[in-house]
Trainee: 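Dropping a structure here in structure tokens format, bear with me for questions.
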Amino acid sequence: MALDVKNLSITIGSKEIFLDETFGLGDGSKTGLIGKNGAGKTTLLKAILKQIDYHGEIKFDGKAAYFSQHIGIDPTKTVGETLGEKVELHHQNQFEKEMQDIESLIATEEVANDAERLSKLMEKYVELQTKLADQENNSPTNKLKSVLAKLEIKDEWLDQPISSLSTGQRAIISLAQILSSNAEFLLLDEPTNHLDFKRLQILEDFLYNFRGTVLIVTHDRYFLDQVCDTILKIEKGRLIKYNGNYSDYVKSREAAFASQQSAYENELRYLAQEKDKIARLGTGPAKVKQGKYRIKLLEKREVIEKPDMDRSKFKAFIPSSEIQSTWVLDVKDLSIGYTKPLAKNINFSVGVGERVILVGENGIGKSTLFKTIEGRVDALSGEVKLHHQTVLGYVDQELKDLNVHLTLYDEIFAITQDKGRARQQLSLMGFITEEEVSKEISKLSFGEKARLNLLKVLLTKPNLLLLDEPTNHLDIDAREIIENAFLQYDGAILAVSHDKYFIKKIAQRILKISNNSVVQTDWKG
């Protein structure tokens, strides 16, 4: 068993995350950890690594490496310096303790006079020494060169500071460190969020062929199908394991729900029939006694709860401001970048109500183009023209526009200046209870922050949405709800995305940054 979790209970503040949960993962399994935003996915990974307090028992074999969705690599160091650093590996093996026990045994007269036993203990001691040395050696392995080549990390990257890289490029560097380590157990928290199609395919192939064990948090439905042989679903504080990939999980979950729904409906019919019989028994002493007996039997029956698919239940609606035009955005001969151009001679327009997706490799300038259109970065040359009635809403993938020290309510009330409307708008994005809306933004999961960030932008009633990786961090249910809202939206959408499901569902036209310019493509995924 690669991971063995017994009677796990975790409480954070007043919120009970898990209560007495038990599960295990087999050696070499590739498990997708899914669940609603805030359900406890990152919390579980941190508990496995003993980074938070918990009750119960967690054991795993070998050395574990952790990819955090925060991508916490030092921005002041160069890429080369970062890749040359040791990756933090986590382990639970008590080799030192076993070696001390053997040393104590060898020192006894009984063992010293037993040549066969002494020989076996010495063999075990040497074996433990080797394992301990291997455990402590977490420097980059000889796999680094191969991993750098696969991820197409170019030589010219090595002298660049991490701070100069795009979010996607930083994710690639962090993954390169972990994939080139000698870890046997990979815990990956949202590694797919910022990767381009090429790197997604590389990561998919690597994990599929990896001989160790993988526990991965991702909401990329295609990726879950291609990589995982097990799905671990967090559902109302329970950890439920399903065999197979994501599509297999969906079938199993729907079949289980149908069975539970049937049992629940049958129980309701039975209870109704029994109560009707009791009501028609009459008022005679014998009948009353019989009625009481029947009532006691009903009270002793095991309660069958109404089944619930544990899906996000909010319904997003995206209002837009009116515009009397056929276009909202026109880009002419645009050159973007900082000290030197990332892309130039960019020409395209977006019509009213049109949904356009922008694709391209990491670091090629997609986010810079959006920041230039929005006005956060100056154009090197050329023109970004917005219609005078265009109301622009920009959703930044790094979620930097949130005031993390405010509560959700305070953040939205600052815009609406209306208590009732603030609560109403929060409920539309799934934040309903007093506990939820009173929570400090810094304590939200990334997915919850992404929903709040989107809501904040939508309150301005934009008729042009610039969406930089809008499905990043959102759970699968939330993605589908937001996707359907985008389909009903009257305004125009220009979005950067590498989510194949999202692109196929939303895109009417696809643009690609390629060879330092923007071209239309018939990409189908």
Side-chain angles (χ1 to χ4, degrees), residues 1-10 18 20-31 43-68 83-144 146-147 177-189 206-207 209-216 230 232 239 241:
M1 189 76 72
L3 175 67
D4 191 16
V5 177
K6 293 180 180 177
N7 309 117
L8 176 67
S9 296
I10 300 176
F18 302 113
D20 204 29
E21 288 300 300
T22 296
F23 72 95
L25 300 181
D27 292 327
S29 65
K30 309 296 188 296
T31 301
T43 298
L44 177 60
L45 296 186
K46 289 184 175 180
I48 293 170
L49 299 174
K50 296 194 183 310
Q51 294 180 353
I52 62 169
D53 294 330
Y54 63 86
H55 295 285
E57 185 178 2
I58 300 177
K59 291 182 179 179
F60 64 83
D61 291 331
K63 289 169 285 189
Y66 174 51
F67 177 90
S68 170
L83 291 171
E85 291 179 336
K86 292 180 178 181
V87 176
E88 182 181 6
L89 294 180
H90 308 262
H91 55 83
Q92 293 184 324
N93 295 312
Q94 303 294 319
F95 297 136
E96 298 98 329
K97 177 66 167 59
E98 289 185 62
M99 289 168 68
Q100 288 171 2
D101 291 343
I102 292 174
E103 288 169 359
S104 298
L105 283 171
I106 290 173
T108 64
E109 186 177 344
E110 179 186 354
V111 173
N113 293 328
D114 186 338
E116 184 178 351
R117 187 178 179 191
L118 179 61
S119 176
K120 287 182 179 179
L121 285 171
M122 289 303 296
E123 285 179 14
K124 180 65 175 176
Y125 191 83
V126 171
E127 179 188 336
L128 290 171
Q129 277 185 317
T130 303
K131 287 183 176 180
L132 180 61
D134 180 54
Q135 179 174 274
E136 292 175 344
N137 176 26
N138 61 342
S139 59
T141 66
N142 55 12
K143 292 191 291 184
L144 179 59
S146 171
V147 169
Q177 285 184 295
I178 289 166
L179 301 185
S180 61
S181 72
N182 52 7
E184 298 118 337
F185 183 23
L186 302 180
L187 294 98
L188 308 176
D189 195 356
F206 182 95
L207 296 181
N209 293 299
F210 180 58
R211 292 185 179 180
T213 305
V214 178
L215 180 58
I216 180 171
T230 308
L232 186 63
L239 288 158
K241 194 164 75 169

Trainee: Check whether any side-chain N or O of Ser119 sits under 3.5 Å from a backbone N or O of Glu116 as a donor-acceptor pair, and report yes or no.
Mentor: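 Checked: no pair found.
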
Trainee: Which residues pass the ring-ring contact (aromatic ring centres under 6.0 Å, His included) test with Phe185, not counting sequence neighbours?
Mentor: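 ring-ring contact (aromatic ring centres under 6.0 Å, His included) list for Phe185, sorted by chain: Phe60.
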
Trainee: Assess whether side chain to side chain contact (heavy atoms under 4.5 Å, CB included) is satisfied between Leu8 and Ile58, documenting all intermediate values.
Mentor: CA-CA 8 Å; Leu8 176 67; Ile58 300 177; 4.0 Å; yes

Trainee: Go through the steps for Leu89 and Ser181 under the test side chain to side chain contact (heavy atoms under 4.5 Å, CB included), then give the verdict.
Mentor: CA-CA 9 Å; Leu89 294 180; Ser181 72; 4.1 Å; yes

Trainee: Taking all atoms of both residues into account, what is the closest heavy-atom pair of Val87 and Gln177, and its distance?
Mentor: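 Minimum heavy-atom contact is CG2-O, 3.3 Å.
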
Trainee: Between the main-chain N or O of Phe67 and the side-chain N or O of Asp189, is there a donor-acceptor pair closer than 3.5 Å?
Mentor: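 Between the backbone of Phe67 and the side chain of Asp189 there is no qualifying donor-acceptor contact (under 3.5 Å).
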
Trainee: Taking atom NZ of Lys50 and atom NE2 of His90, what is their separation to the nearest 0.5 Å?
Mentor: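 Spacing of NZ (Lys50) from NE2 (His90) equals 12.0 Å.
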
Trainee: Got a sec: does the NZ of Lys241 have more than 12 other heavy atoms crowding it under 6.0 Å?
Mentor: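 More than 12 heavy atoms, drawn from other residues, nucleotides or ligands, come within 6.0 Å of this atom.
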
Trainee: Can you name the closest pair of heavy atoms from Leu83 and Leu144 and give their distance?
Mentor: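 Taking every non-hydrogen atom into account, O-CD2, 3.9 Å.
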
Trainee: For the residue pair Lys46 and Tyr66, establish whether any side-chain heavy-atom pair is separated by less than 4.5 Å.
Mentor: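 A side-chain contact under 4.5 Å exists here.
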
Trainee: Can you name the nearest heavy-atom pair linking Leu187 to Ala64, along with the distance?
Mentor: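 Heavy atoms only, the tightest pair is CD1-CB, 3.7 Å.
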
Trainee: First locate atom CG of Leu25, then atom OG1 of Thr31, and finally report the distance between them rounded to the nearest 0.5 Å.
Mentor: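 These two atoms lie 4.0 Å from each other.
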
Trainee: In Å and rounded to the nearest 0.5 Å, what is the CG to CD distance from Leu49 to Glu88?
Mentor: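 Answer rounded to 0.5 Å: 8.5 Å.
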
Trainee: About how many Å separate CG of Leu121 and OG of Ser104, when rounded to the nearest 0.5 Å?
Mentor: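 The OG atom of Ser104 sits 11.0 Å away from the CG atom of Leu121.
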
Trainee: When you look at Leu239 and Leu232, which way does the side chain to side chain contact (heavy atoms under 4.5 Å, CB included) test go after all the steps?
Mentor: CA-CA 6 Å; Leu239 288 158; Leu232 186 63; 4.2 Å; yes

Trainee: Between Glu184 and Lys63, is there a donor-acceptor pair closer than 3.5 Å when you use the side chain of the first and the backbone of the second?
Mentor: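 Yes: the side chain of Glu184 pairs with the backbone of Lys63.
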
Trainee: The test is side chain to side chain contact (heavy atoms under 4.5 Å, CB included); show your working for Ile10 and Asp53 and say whether it passes.
Mentor: CA-CA 7 Å; Ile10 300 176; Asp53 294 330; over 6 Å; no

Trainee: Which heavy-atom pair separates Lys30 from Leu207 by the least distance, and what is that distance?
Mentor: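 Taking Lys30 first and Leu207 second, the nearest heavy atoms are CE-O, 2.8 Å.
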
Trainee: Give, for atom OG of Ser68 and atom CD1 of Ile178, the distance between the pair rounded to the nearest 0.5 Å.
Mentor: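 That separation rounds to 9.0 Å.
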
Trainee: Is a donor on one side and an acceptor on the other found under 3.5 Å between the side chain of Thr22 and the backbone of Asn7?
Mentor: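 Confirmed, Thr22 side chain pairs with Asn7 backbone.
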
Trainee: Nearest 0.5 Å, what's the CG-CG distance between Leu215 and Leu44?
Mentor: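 These two atoms lie 6.5 Å from each other.
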
Trainee: Give the minimum heavy-atom separation between Ala183 and Ala65, together with the two atoms involved.
Mentor: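 The answer is CB-CB, 3.6 Å.
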
Trainee: Do Glu110 and Arg117 come close enough that some side-chain heavy atom pair is under 4.5 Å?
Mentor: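 Sidechains of Arg117 and Glu110: in contact.
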
Trainee: Can you name the closest pair of heavy atoms from Ala2 and Thr213 and give their distance?
Mentor: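 Here Ala2 and Thr213 meet closest at CB-OG1, 3.3 Å.
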
